[in-house]
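A short write-up of the structure that comes next.
Computed from heavy atoms alone, side chains included, the values below leave out hydrogens, waters and symmetry copies. Only a predicted model underlies this, so the values are computations on that prediction, with no experimental measurement involved. Every number for a ligand or one of its atoms is a count from 1 in the order of the listing.
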Amino acid sequence: MNLVNIPFNRPTRTGRELEHLVAAIENGHLSGAGPYTHRCQQWLADTLAVPRVFLTTSATHALEMMALLLEIRHGDEVILPSFAFVSLANAFLLFGARPVLADVHEDTLNLDERCVTELITSRTRAVFALHYAGMPCEMKELTEICQSRRIDLLEDLAHGLLAAYGGRALGTFGRMAALSFHQTKILTCGEGGALLLNDESLADRAAVLLEKGTDRFSFLRGEVDKYTWVDIGSSYTPADLLAAFLWAQLEEAEAIQQRRCRCWEYYYRQFRQAAVEKYGARLPGWPAHCRHSAGVFYLLCPSETCREAVKNYLASRGIQATFHYIPLHLSRMGRRLGYKPGDLPVTEDVAGRILRLPLFDGLTTDEQDRVIHGVMTALARGG
Ligand SMILES: Cc1ncc(COP(=O)(O)O)c(C=O)c1O
């Protein structure tokens with residue numbers, strides 16, 4: 001068994017989490033919709049310039065709320081990249097929609113807008129811009145396509161907090177966007193997420209959906225004297241304890257992001273000079289005039305065999321590197337939806353070659369040098 005001494009991820013910690021947890025316990029509001037929840041929501045709304053934000057128990061639940069808010073029905077279609085996390089498809093499949101899987105760009109691994117145009121039908125309700133690794137999708141083109149066809153544009157920002165496209169924060173382009181605070185993400189509270197609403201007309205219903213289908217929010221604001229069942233809904237509100245933990249990280253979000261970006265750029269510079277020129281590996285790309293979030297750092301190895309050899313070599317040196325999404329269309333569920341190998345060639349190619357390297361707040365230059373040396377040695381051996 002190999003001992004891991006450089007893990008793929010170490011959850012972000014600022015050192016102030018306990019202080020805020022203690023304050024939340026002492027103020028006696030442990031359940032949802034408490035003072036820390038409001039603080040986090042306000043911070044996200046102000047920082048990203050989004051009209052309304054609701055913390056949720058996960059990004060998956062924020063995605064389910066999107067489907068409920070769009071009143072997705074049996075037979076509707078939602079276009080999303082096959083190179084994606086399963087929740088994007090499931091959140092809509094749960095309500096009877098068909099996930100229509102599209103191919104991605106080879107340089108960003110993001111939805112290829114040319115494929116989107118071909119996949120739109122009279123049943124298409126929404127198009128998902130998943131900003132993979134925090135690299136912005138082609139938002140100008142996707143916005144134009146969706147506006148001209150009157151289809152909702154939705155964003156998955158699980159990796160993309162604080163990234164921008166043309167000077168505008170990601171999460172502000174779609175009608176709605178989902179954030180994740182899972183422990184592998186840039187900021188965390190263990191499990192958590194947020195729903196960002198750019199269409200304020202959805203806010204009242206969102207407040208009902210996440211409070212089990214009741215008008216408890218109106219009650220808490222003193223607008224009604226008792227709360228009752230008014231709509232369908234579920235329990236999507238995180239405990240204020242989780243929001244207290246998250247607040248410790250939002251307070252330092254910019255500094256955390258800058259440190260991550262420095263690590264990301266260090267890898268990029270070192271590999272550009274060596275791995276790319278000598279061994280034919282590929283590095284992440286991004287559209288012009290964009291700021292990425294340093295959500296993930298990955299290399300595209302020349303082949304899948306090479307990727308496996310590099311991953312195994314790193315593991316033998318105690319370094320954890322990993323692949324990413326098994327394309328949705330090649331999964332068991334994807335096959336049940338009628339997809340087969342060969343349907344989305346770019347996705348299949350990049351999913352076989354991608355290698356994600358350790359990246360987290362607190363990763364040292366010494367650790368990065370060991371990762372870089374390990375990758376270079378493995379590539380020099382021919383993968
Ligand atoms: C792109 C993307 N969206 C959504 C999710 C789901 O996030 P959560 O665990 O908060 O539900 C993930 C999980 O890794 C993800 O990678």
Side-chain angles (χ1 to χ4, degrees), residues 8-12 32 37 40 44 53-68 78-94 99 101-102 104-105 108-111 126-137 142 153-163 170-171 173-174 176-196 210 234-239 242-243 245-246 249-250 260 284 292-298 320 322-329 331 333 347 350-351 354 356 359-360:
F8 174 66
N9 173 256
R10 278 191 202 119
T12 305
T37 301
C40 292
L44 288 166
V53 175
F54 292 96
L55 285 195
T56 57
T57 29
S58 62
T60 301
H61 282 163
L63 295 165
E64 284 178 24
M65 286 185 68
M66 288 183 187
L68 285 165
V78 177
I79 299 176
L80 56 127
S82 176
F83 190 72
F85 192 70
V86 59
S87 295
L88 270 85
N90 265 342
F92 289 81
L93 200 53
L94 270 175
L101 304 174
V104 294
H105 285 286
T108 59
L109 316 192
N110 281 336
L111 190 60
V127 171
F128 245 109
L130 188 180
H131 306 289
Y132 181 71
M135 292 296 174
C137 292
L142 286 172
L153 179 61
L154 305 172
E155 294 181 74
D156 181 317
L157 265 197
H159 308 157
L161 181 63
L162 299 181
L170 295 189
F173 290 84
M176 297 181 254
L179 270 170
S180 175
F181 300 117
H182 182 267
Q183 80 162 45
T184 52
K185 301 301 184 290
I186 299 169
L187 304 182
T188 184
C189 57
E191 298 270 0
L195 174 69
L196 314 184
L210 60 71
S234 193
S235 185
Y236 294 128
T237 320
L242 289 177
F245 193 102
L246 181 63
Q249 309 206 352
L250 290 176
R260 277 185 81 103
H292 68 80
S293 66
V296 171
F297 187 89
Y298 68 84
Q320 208 174 37
T322 177
F323 61 92
H324 215 177
Y325 309 127
I326 305 294
L328 296 178
H329 76 283
S331 65
M333 208 38 206
T347 300
V350 295
I354 188 171
R356 290 185 298 157
L359 179 65
F360 46 82

| said: Is there a side chain to side chain contact (heavy atoms under 4.5 Å, CB included) between Leu93 and Met333? Walk through the geometry before answering. | reply: CA-CA 11 Å; Leu93 200 53; Met333 208 38 206; 3.5 Å; yes
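Neither the backbone nor the side chain of His61 comes within contact range of ligand 1; no heavy atom lies under 4.0 Å. With a heavy-atom cut-off of 4.0 Å, Thr60 touches ligand 1 through backbone and side chain alike. With a 4.0 Å heavy-atom cut-off, ligand 1 is reached by the side chain of Ala158 but not by its N, CA, C or O. Counting heavy atoms closer than 4.0 Å to ligand 1, residue Tyr325 contributes side-chain atoms (C-beta onward) but none from N, CA, C or O.
Within 6.0 Å of CZ in Phe8 there are more than 12 heavy atoms belonging to other residues, nucleotides or ligands.
Taking atom 3 (N) of ligand 1 as the reference point, the nearest protein heavy-atom neighbour is Asp156 OD2, 2.6 Å.
Set against the non-hydrogen atoms of Ser180, the atoms of ligand 1 under 4.0 Å away are 7 (O), 8 (P), 10 (O). Ligand-side atoms of ligand 1 in range of Ala59: 6 (C), 7 (O), 8 (P), 10 (O), 11 (O), range being under 4.0 angstrom from any heavy atom. Close contacts between ligand 1 and His159 involve ligand atoms 1 (C), 16 (O) [criterion: under 4.0 Å to a heavy atom]. Those atoms of ligand 1 with a heavy atom of Ser58 less than 4.0 angstrom away are 10 (O), 11 (O).
Considering each of Phe85, Tyr132, Phe181, the one bringing a non-hydrogen atom nearest atom 12 (C) of ligand 1 is Phe85. The nearest non-hydrogen atom to atom 14 (O) of ligand 1, considering only His182, His324, Lys185, comes from Lys185.
Of the residues Tyr132, Phe297, Phe85, Tyr298, the one that meets the ring-ring contact (aromatic ring centres under 6.0 Å, His included) test with His324 is Tyr132. Tested against Pro327, the residues Thr347, Val104, Leu101 include a single side-chain contact (heavy atoms from CB on, under 4.5 Å) partner, Thr347.
Counting only distance, with no hydrogens or angles, the side chain of Thr188 and the backbone of Phe181 share a donor-acceptor pair below 3.5 Å.
The shortest distance between side-chain heavy atoms of Phe83 and Ile354 falls below 4.5 Å.
Rounded to the nearest 0.5 Å, atoms CG (Leu88) and CD1 (Ile79) are 13.0 Å apart. Rounded to the nearest 0.5 Å, atoms CG (Leu246) and SG (Cys40) are 4.5 Å apart.
Close to ligand 1: Gly192, with a non-hydrogen atom less than 4.0 angstrom away.
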